[in-house]
Amino acid sequence: MQKDENLIQELVDLDKKHFIHPTSPIKQQQEQGAALIFTEGKGVYLYDVNGDCFIDAMSSLWNVNVGHGRKELGKAAMDQMNKLAFNSCFSTFSNEPAIRLSAKLAQIAPPGLSATFFTSGGSESNDTAYKLVRHYWILKGKPSKKKIISRTKSYHGVAMGATSATGLKPFRDFTNSLAPDFYHVDNFSSQALRELIEAEGSDTIAAFVAEPVQGAGGVHIAPENYFKEVREICNEYNILFITDEVITGFGRTGKYFGIEHYGVTPDVMCFAKGVSSGYLPLGGIMLSEKIHQDLIELSTGTLLHGYTYSGHATACAVGLKNIEIIENENLIENARVMGQEMLTGFQWLQSNLDIVGDVRGLGLMGAIEIVKDQVTQERFESPLSPLIVVEAAKRGVICRAIVFDNQDTLVFAPPLIIDKTEIEKMISILYDSILTIEKQQEKTK
């Protein structure tokens, strides 16, 4: 691709002047312009205005599960738009793609989850879950059950309820008026959950929410039996269990949904991202058959919750085609196998680089911790992972640094279509990138 310097400068200037970026440093944007301006995506690769090519080792935002440039999804959108792009689903109006997708989700979800409320994304899905479980307890004659418990290092989105549930303090500190009745417990301790329930009173708690694998908090994988213990505690105290599968759903962890690794079923499941692989905004929550039946029996008026794009016909058509691709191309199994390849590569980095500490992964979600001392796990005074991210981008890999809660971690979530050669290329680039920063640190000693 031939570079057009005038076009590039025009885009940089317009970006600074008019585009407020999500989750980005405003000063950095104004001083340096957009870090990368992408023009094209093919498979696991992204291309920018300079013609540079990058392995998208984050699936952009954990979500491009089937990879970039899938013409089938563009055709599915076009075909649906040519028939019916959108209609309101308020007042019990409906459309075939929304009906078909909700039925398909009931078929592939963990056992017992049978009914779907559609949203436009993960934050809306989480807010919907908190709102509907509180409404559920009102209908059940228990209006005092309204508190939501989540975990430290959790991320549930940036809508008001989702922000309040998020266990990463900087996100909560961003605003000075959080939603009430949200509590946080240690992310790996079921005993801490029990103790908080006992302290607050189970008759005041509506639900407990957890990601099967904590994504934006640093790819933290729960200890064995943690979720079985959580499920038992929720049953014991008559508290609903919500799983946030926004990142972990639709094959990301090597199973359809992350909670399937732990042999338990939630009462409510939030989803988004991988349901459409990011080709159109789509999300939702699934309710258990029991909760759905209770709502059918107890709800007498209008369910006063809905988004303009709940059940968006084109988005749902794309979601259906996306799931078809995941199944036809056996991408869930590929995520499992390539996830093991990726983890093996991380372990090789750990053996060959002094500043690589703990490495972990489940399917195509993985993390590399950066440490000053591999034995003591002591961290550097200033995190190095952001510097490594910059070096990796120079060499053609896009990954992400996590520095919340005194972490210094690189996280990864490549598209589910990635193959062994691409994994090896990614690991090789990471080796060079980490080694460069490691040598810089040695010079400063």
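- The 12-atom threshold is exceeded at NZ of Lys16, counting heavy atoms of other residues, nucleotides or ligands nearer than 6.0 Å.
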Inset, instruction - Carefully, step by step, assess Leu280 and Thr314 under the rule side-chain contact (heavy atoms from CB on, under 4.5 Å). - result: CA-CA 8 Å; Leu280 279 177; Thr314 304; 3.5 Å; yes
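- Distance check: Arg100 CZ to Ile323 CD1 gives 14.0 Å after rounding to the nearest 0.5 Å.
- Considering all non-hydrogen atoms of both residues, Val219 and Ala367 come closest at CB-CB, 3.8 Å.
- In this structure, Ile37 and Ala34 approach most closely via the heavy-atom pair CG1-CB, 3.8 Å.
- Taking CD1 of Ile259 as the start and CG of Leu113 as the end, the distance is 10.5 Å to the nearest 0.5 Å.
- For an aromatic pair to be called close, the ring centres must be under 6.0 Å apart, and Tyr309 with Phe86 satisfies this.
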Inset, instruction - Carefully, step by step, assess Lys394 and Glu391 under the rule salt bridge (Lys or Arg N to Asp or Glu O under 4.0 Å). - result: CA-CA 5 Å; Lys394 289 178 188 176; Glu391 290 296 325; 3.1 Å; yes
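- The six-membered or imidazole ring of Phe250 lies near that of Phe257, with a centre-to-centre distance under 6.0 Å.
- Classified by interplanar angle (parallel below 30°, tilted 30° to 60°, perpendicular above 60°), the ring pair Phe38/Phe54 is perpendicular.
- Summarising the local packing, CD1 of Ile296 is surrounded by more than 12 heavy atoms from other residues, nucleotides or ligands at distances under 6.0 Å.
- Here the closest heavy-atom approach between residue Trp62 and residue Asn65 is recorded as O-OD1, 3.7 Å.
- No hydrogens or angles considered: a donor-acceptor pair under 3.5 Å links the side chains of Ser114 and Glu289.
- For Glu236 and Arg194, the salt-bridge test passes: some basic side-chain N is under 4.0 Å from an acidic carboxylate O.
- In summary, Arg151 and Asp244 do not engage in a salt bridge, as defined by a charged side-chain N under 4.0 Å from a carboxylate O.
- One finds the CZ atom of Arg336 at 11.5 Å from the CG atom of Leu364 (value rounded to the nearest 0.5 Å).
- Shown here is His292, whose NE2 atom has no more than 12 heavy atoms of other residues, nucleotides or ligands within 6.0 Å.
- Leu61 places a side-chain heavy atom less than 4.5 Å from the side chain of Asn63.
- Between Lys145 and Ile239, the shortest heavy-atom contact is NZ-CG1, 4.1 Å.
- Counting heavy atoms from C-beta outward, Phe208 and Ile197 have side chains that stay 4.5 Å or more apart.
- Heavy atoms from other residues, nucleotides or ligands lying under 6.0 Å from CZ of Phe174 number 12 at most.
- Looking only at atom types and distance, the side chain of Gln377 has no donor-acceptor partner in the side chain of Asp358 under 3.5 Å away.
- Expressed to the nearest 0.5 Å, how far CG of Asn126 lies from NZ of Lys131 amounts to 14.0 Å.
- Looking at Tyr307 and Thr128, their side chains do bring a donor and an acceptor atom within 3.5 Å of each other.
- Residues Phe117 and His305 place their aromatic rings such that the two centres sit under 6.0 Å apart.
- Formation of a donor-acceptor pair under 3.5 Å by the Gln407 side chain with backbone atoms of Gly217 is found in this model.
- To the nearest 0.5 Å, the span separating CG on Asp15 from CD on Gln30 amounts to 8.5 Å.
- Annotation: side chain of Val230 is in contact with side chain of Leu193 (closest heavy-atom distance under 4.5 Å).
- His156 and Asp127 form no side-chain donor-acceptor contact under 3.5 Å, judged by distance and modelled atom types alone.
- Here the side chain of Gln29 pairs a donor or acceptor atom with the backbone of Phe19 at under 3.5 angstrom.
- For the residue pair His220/Asn187, the side-chain donor-acceptor check at 3.5 Å is not satisfied.
- Residue Asp173 qualifies as enclosed at atom CG: its count of foreign heavy atoms under 6.0 Å is above 12.
- Within the 4.5 Å cutoff, no side-chain heavy atoms of Val209 are placed close to those of Phe241.
- The existence of a salt bridge linking Lys425 and Glu422 is excluded, since no basic side-chain nitrogen approaches an acidic carboxylate oxygen closer than 4.0 Å.
- In this structure, the ring of Phe412 has its center less than 6.0 angstrom from the ring center of Phe346.
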Legend entry - side chain to side chain donor-acceptor pair (under 3.5 Å) evaluation trace for Gln374 with Asp354: CA-CA 7 Å; Gln374 284 185 331; Asp354 291 340; 5.4 Å; no
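- The shortest non-hydrogen separation linking Arg379 to Asp408 is NH1-N, 3.8 Å.
- Side-chain contact between Val371 and Thr376: absent, with no pair of heavy atoms (C-beta onward) separated by less than 4.5 Å.
- For the residue pair Thr248/Thr253, the side-chain donor-acceptor check at 3.5 Å is not satisfied.
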Legend entry - side-chain contact (heavy atoms from CB on, under 4.5 Å) between Ile149 and Leu196, worked out: CA-CA 9 Å; Ile149 301 174; Leu196 181 58; 3.9 Å; yes
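- The shortest side-chain heavy-atom distance between Glu369 and Arg360 falls under the 4.5 Å cut-off.
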Legend entry - Pair Thr243-Cys270, side-chain contact (heavy atoms from CB on, under 4.5 Å): steps then yes or no: CA-CA 6 Å; Thr243 51; Cys270 304; over 6 Å; no
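- Looking only at distances, no side-chain donor or acceptor of Ser276 sits under 3.5 Å from a matching main-chain atom of Pro281.
- In this structure, Phe171 has its ring center closer than 6.0 angstrom to the ring center of Tyr155.
- When all heavy atoms of Arg172 and Thr166 are compared, the pair lying nearest together is NH1-O, 2.9 Å.
- With a 4.5 Å cut-off on side-chain heavy atoms, Arg395 and Ser433 count as touching.
- Seen from the ring of Phe271, Arg252 does not count as a face-on cation partner, given the 6.0 Å and 45° thresholds.
- One side chain, Asn322 or Ser277, offers a donor N or O that lies under 3.5 Å from an acceptor on the other.
- Looking only at side-chain heavy atoms (C-beta outward), Leu46 and Ile398 come within less than 4.5 Å of each other.
- Taking 4.0 Å as the cut-off between side-chain N and carboxylate O, Lys153 and Glu211 do not count as a salt-bridged pair.
- Side chains of Glu232 and Tyr237: no donor on one and acceptor on the other come within 3.5 Å.
- The ring of Phe182 has its center closer than 6.0 angstrom to the ring center of Tyr130.
- A salt bridge links Lys321 to Glu324: at least one charged side-chain nitrogen sits closer than 4.0 Å to a carboxylate oxygen.
- To the nearest 0.5 Å, atoms CZ (Arg134) and NZ (Lys147) are separated by 11.0 Å.
- Side-chain atoms of Asp203 and Ser144 include no donor-acceptor pair closer than 3.5 Å.
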Legend entry - Steps toward side-chain contact (heavy atoms from CB on, under 4.5 Å) verdict (Ser60, His68): CA-CA 10 Å; Ser60 289; His68 298 280; 3.6 Å; yes
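- For Asp294 and Lys140, the salt-bridge test passes: some basic side-chain N is under 4.0 Å from an acidic carboxylate O.
- No more than 12 heavy atoms of other residues, nucleotides or ligands lie within 6.0 Å of CD in Glu381, so this atom counts as exposed by the packing criterion.
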